[in-house]
Structure formats: structure tokens, C-alpha cells
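Since we're looking at a predicted model, the values are computed, not measured.
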Amino acid sequence: MKKIEHSELTWRDNAPVSANFGDVYYSAENGLAETNYVFLHGVGAPDIWRDHDHFVIAETGFGTGLNFLATWKAFRESGARGRLTFISVEGYPLTERALEAAHETFPEVAEYAAALRAAWPPAAPGFHKRHFDGGKVNLLLMFGDAAKGYARLNAEVDAWFLDGFAPAKNPEMWSDALFDQIARLSKPGARFATFTAAGFVRRGLIARGFDVSKVKGYGTKRERLVGEMKDKSLVTVQQTVWPEWAQLSPAADGPMAIIGGGIAGASMAYALEARGRDVTVYRSPGHPCASQVPAAILAPRFLLDHQPVAEFFTSAYAYSTAFAPYTQAWAEAHGITMHPKNAKDADRLKAIAKHLDWSDDWLREADDTLVLPRGGSIDTTTALESLLDGVTLVGANVTALTKHADGWRVQAEGESRDFAHVIVAAGIESDRLLAPFGCPPLRPNRGQVEICSASLSDGSLAYGVPDCGYFRPADLGLNFRQVGYLWRRRFSAKARRP
């Protein structure tokens with residue numbers, strides 16, 4: 001995967017212009033009105049999503065995000081009971097500064113635009129998912145090549161906004177390879193709308209099963225295209241083949257139990273609740289676990305390549321910095337300083353900065369260190385309470401887990417309940433519960449937290465301090481009296497190889 005670079009704007013009258021393609025992002029006349037007319041009305045919104053539990057819109061070309069902002073606003077104001085997922089791809093993501101300039105023209109979506117910018121990821125290739133309105137509205141951004149990004153995706157799309165720059169200026173956004181993926185991902189009956197009326201676009205979509213019509217364009221543009229997927233038998237590109245471990249089918253309906261109320265179990269409960277699942281969390285009273293350390297440091301692990309695991313680490317770090325349940329848990333002072341362990345490690349940090357090439361609001365060099373302004377420390381108690389807010393909690397030790405024809409039975413201190421599904425996230429206790437079902441045995445990995453008399457002059461967190469581990473000053477706005485905390489090793493339970 002090639003490096004992703006942030007893009008800036010130039011302006012032509014009242015319209016922002018792409019520095020990469022020399023084309024406008026939206027109409028100088030009224031970009032928001034254009035979005036509503038061409039795309040939302042073009043696919044039949046808001047009526048099209050009223051009877052859906054989950055409606056999926058996919059887009060080619062995120063640009064300034066105006067289509068997403070208008071869709072989010074329309075979805076909220078329509079009173080829709082279901083969820084909205086908006087998928088978009090962008091090869092040249094704008095900086096936050098450029099986004100803000102583009103959004104200033106539209107006070108109608110100012111609230112939505114501010115939330116988008118607060119969650120805006122760095123220019124890191126791959127997938128970036130963000131949640132809004134308590135998980136009711138979800139944005140999946142893919143930074144990189146459009147056809148390759150959609151080829152990696154499994155989804156069932158209800159509507160498409162085909163909104164790349166003009167075909168003459170950005171032909172890759174209108175390629176046969178991308179049309180193949182659009183057809184593959186479309187549900188029967190999926191609609192599309194686009195500003196263009198180019199003949200090769202019309203013919204390409206017809207050849208892949210879409211019924212295509214020309215309708216009146218916006219403003220001075222005479223025509224545009226709309227259509228609907230009518231014949232999936234014409235789709236020739238095959239479904240992406242995933243490895244066996246990644247072939248997960250959706251869980252059937254029914255109540256779900258999560259055994260373990262630490263960060264893993266609480267995060268699962270939050271995600272499932274956001275998807276409308278009936279979740280019960282079993283949390284052992286007074287049982288110590290790694291998630292009960294006084295504070296947690298959110299620090300990334302950067303790798304010097306573009307392999308999937310490297311993409312995962314950068315996306316996971318960026319996701320955590322914008323994760324809504326952590327909002328009240330962050331320390332007042334943000335920032336992580338990555339210190340080299342030796343001269344060789346100092347060279348590695350410099351190579352990471354050059355490799356990522358992120359903007360200063362995400363990463364900057366200072367002497368031999370790397371400063372990550374968006375990282376920091378969170379109060380673990382506050383974070384867990386936020387994740388579990390509204391979730392049914394059972395404060396009891398689970399004594400046994402048994403499988404039966406209709407699901408699972410959870411036995412907890414004298415009473416039992418049946419569930420369709422059970423998730424075990426109980427640390428080392430998972431070994432005892434899962435052993436009868438052939439789970440690889442687990443071994444504990446001990447750790448410790450020390451209180452020490454030390455401080456950092458800039459108030460930031462130190463990550464990777466030589467001979468020290470991870471250090472967090474205590475006076476960062478969290479409710480602690482100690483001077484500092486030192487993590488020597490991580491708490492965890494690791495699987496032993498059979």
C-alpha cells in the first residue's frame with residue numbers, strides 16, 4: 001500500500017478546488033443544495049431508509065465530507081429508528097484545517113462538521129471507522145485507491161453516491177475495476193445517483209446489472225444519472241475470499257452474555273449494545289484484574305511497513321483517540337512522548353516519523369523523541385463505567401458454562417440463565433471456563449504498578465523510557481494523590497501453544 005498524503009485546498013470563487021485534480025469539490029452556487037438534490041433526492045432519501053433496521057450508503061470520493069454531513073443531518077431529522085452506515089473512500093484526504101475552511105460556508109451542518117473534524121483520522125492507509133449519535137450513525141473511511149479499497153470490503157450496500165471528480169480529470173474513480181466492485185457490493189434493488197451523465201459511465205453500469213436513467217441535472221448542468229440494481233446475474237467479479245479464521249457469519253438473534261467486565265468485556269458490551277443486542281455482563285465482585293490499574297496509557301505500536309498488522313496498529317490508535325466512551329475519562333493534559341532506548345532506537349523513531357509523515361497535530365519530532373499530541377492517559381474506572389452505561393450487570397462469579405441445544409447456560413453462584421451466545425473475556429479465569437470445550441490453555445503474565453517520586457517537566461506521558469517501562473505523572477487532571485505510576489509489564493493472559 002502506498003503512503004497517503006494529506007491534501008490542501010485552493011479556491012475558485014466560492015468553491016474549494018482539489019490541488020491534486022484541479023476540480024471543484026462542490027458547486028460554487030450552493031454545495032449543500034447540490035448534495036441534497038443530486039445524491040439524497042437522487043436515491044430517494046429519506047423515504048428509502050424509513051423501513052430499514054440498518055441502511056448502508058457507499059460513496060466514491062469523500063472529499064470535504066459534505067455528502068456525509070448532509071446525509072447524517074437528513075437521517076437524524078427523519079426520525080429513522082434504525083442505524084446508518086456511510087462508507088466512503090478517499091485517496092487524498094484533506095487536513096483538518098482544509099476541512100474547517102470548506103465547512104465554514106454551511107452553518108446548517110456546523111454541529112455535524114465539528115464532530116467529524118474532532119474524529120478525523122491521520123493520513124494513514126486503510127480503514128478508519130468512526131461512530132456518531134451513540135453508534136446510530138457510523139462512518140467507515142477508506143484511505144487509498146478506491147477500487148482496491150472496495151475490493152477488500154464485504155458489505156451489502158443499499159445506495160451509492162458516485163461522486164469522484166469529473167471523469168476526464170480523475171479516470172481511476174470511474175474505472176471498470178471500480179464498477180465491478182460497486183456491482184459486487186450492491187444489494188438487489190440498490191440505488192445509485194451521480195452528477196455525471198457520461199456515456200461510458202452509463203454503459204458500464206448497465207453492463208453490470210443496473211437500470212440507468214438520465215434525469216435533470218443540478219443548476220446549469222443539463223443531465224445526470226440515477227439507477228437501480230436490477231440483475232445481479234450480470235455481476236462477474238467474485239466475492240473476496242477470506243481465510244477461514246476471518247469467515248465470521250452474523251450471530252443469530254437472542255440474548256448474549258459476556259463473562260468479564262474489564263476493558264475487553266466492556267468494549268464488547270458497548271459494541272453489541274450499539275447494534276441493538278440484548279447483553280448481560282457478568283462481573284466478578286472484588287476480583288482484581290488488569291483493567292483496574294489506576295490509569296491506562298493509550299500508546300501506539302508503529303511498524304516500518306504497510307503490512308496489514310501495521311495498518312491495524314495505526315488505525316486502532318487513531319480510533320482510540322476519538323472513541324466516544326473515553327471522552328470523560330481522558331486526563332486534562334494530553335500527549336505521549338516516545339523516548340529512545342539507545343542510539344539505534346533513536347534512528348528507529350526518526351524513521352517512523354519519516355515513514356508515517358503525519359501532520360504536526362498527530363506526530364512531531366522533538367530532539368530524539370517523538371511527540372504524539374493525541375495520545376495520553378485515561379482513568380480506567382471512568383472509562384469502564386462509560387462503556388457499561390445502560391448494560392445489564394450481574395455482580396457474581398460464574399461457576400460453570402454448559403452448552404445445550406438452544407445455546408448456552410451460565411451458572412453463577414446458585415442461579416443459572418440461558419443465552420443464545422456467550423463471550424468469555426475473563427482473563428485467566430477464561431481457562432477454567434473454556435477448558436471443557438478444547439480451548440488452548442492460558443498462562444498468566446504478571447505485571448506491577450509502582451508509585452515513584454518523579455515527574456516530567458512538560459506534563460506529557462513518557463512511553464518507552466529506558467530501564468523504566470511506561471511512566472505517567474499523577475497530576476494530569478485525574479483523581480490521584482500519588483506522584484506517579486510506573487508500569488513494569490503488562491497484565492494479560494496468553495495462550496500456550498498446544
side-chain hydrogen bond (donor to acceptor under 3.5 Å, both in side chains) assessment of T369 paired with D367: CA-CA 6 Å; T369 68; D367 298 325; over 6 Å; no

Chi angles and distances behind the salt bridge (Lys or Arg N to Asp or Glu O under 4.0 Å) call for E104, R97: CA-CA 11 Å; E104 285 179 352; R97 180 175 60 253; over 6 Å; no

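Between the side chain of H128 and the backbone N or O of A123, no donor-acceptor pair lies under 3.5 Å. In this structure, R184 contributes its side chain and Y150 its backbone to a donor-acceptor pair below 3.5 Å. Not one N or O on the side chain of E228 forms a donor-acceptor pair closer than 3.5 Å with the backbone of A190.
Ring pair F132/F68 is tilted by interplanar angle, where 30° to 60° counts as tilted. Ring geometry, F302 versus W358: the interplanar angle exceeds 60°, so the pair is classed perpendicular (tilted spans 30 to 60°). Ring pair F179/F200 is tilted by interplanar angle, where 30° to 60° counts as tilted.
Judged purely by distance below 3.5 Å, without hydrogens or angles, the side chains of R83 and H52 never pair a donor atom with an acceptor atom. Between the side chains of W72 and D133, at least one donor N or O sits under 3.5 Å from an acceptor N or O. Looking only at atom types and distance, the side chain of T85 has a donor-acceptor partner in the side chain of H54 under 3.5 Å away. For the residue pair Y319 and H131, a side-chain donor N or O sits within less than 3.5 Å of a side-chain acceptor on the partner.
Between F62 and W120, the ring center distance clears the sub-6.0 Å criterion. Centroid-to-centroid, the aromatic rings of Y270 and F323 come within less than 6.0 Å.
In the displayed structure, D47 atom CG is contacted under 6.0 Å by more than 12 heavy atoms of other residues, nucleotides or ligands. Shown here is D361, whose CG atom has more than 12 heavy atoms of other residues, nucleotides or ligands within 6.0 Å. More than 12 heavy atoms of other shown residues, nucleotides or ligands fall within 6.0 angstrom of atom CD in E108. Other residues, nucleotides and ligands place more than 12 heavy atoms under 6.0 Å from the NZ atom of K232.
For the pair R224 and Y37, the distance from NZ or CZ to the six-membered ring centre is under 6.0 Å and the angle to the ring normal is within 45 degrees. Cation-pi geometry between R191 and W160 is not satisfied (NZ or CZ under 6.0 Å from the ring centre, within 45° of the ring normal).
Within the 4.5 Å cutoff, side-chain heavy atoms of I263 are placed close to those of L387.
The pair D176-R208 meets the salt-bridge criterion, since a charged nitrogen lies less than 4.0 angstrom from a carboxylate oxygen.
Atoms CG and CE, on D368 and M338 in that order, are 13.5 Å from each other to the nearest 0.5 Å.
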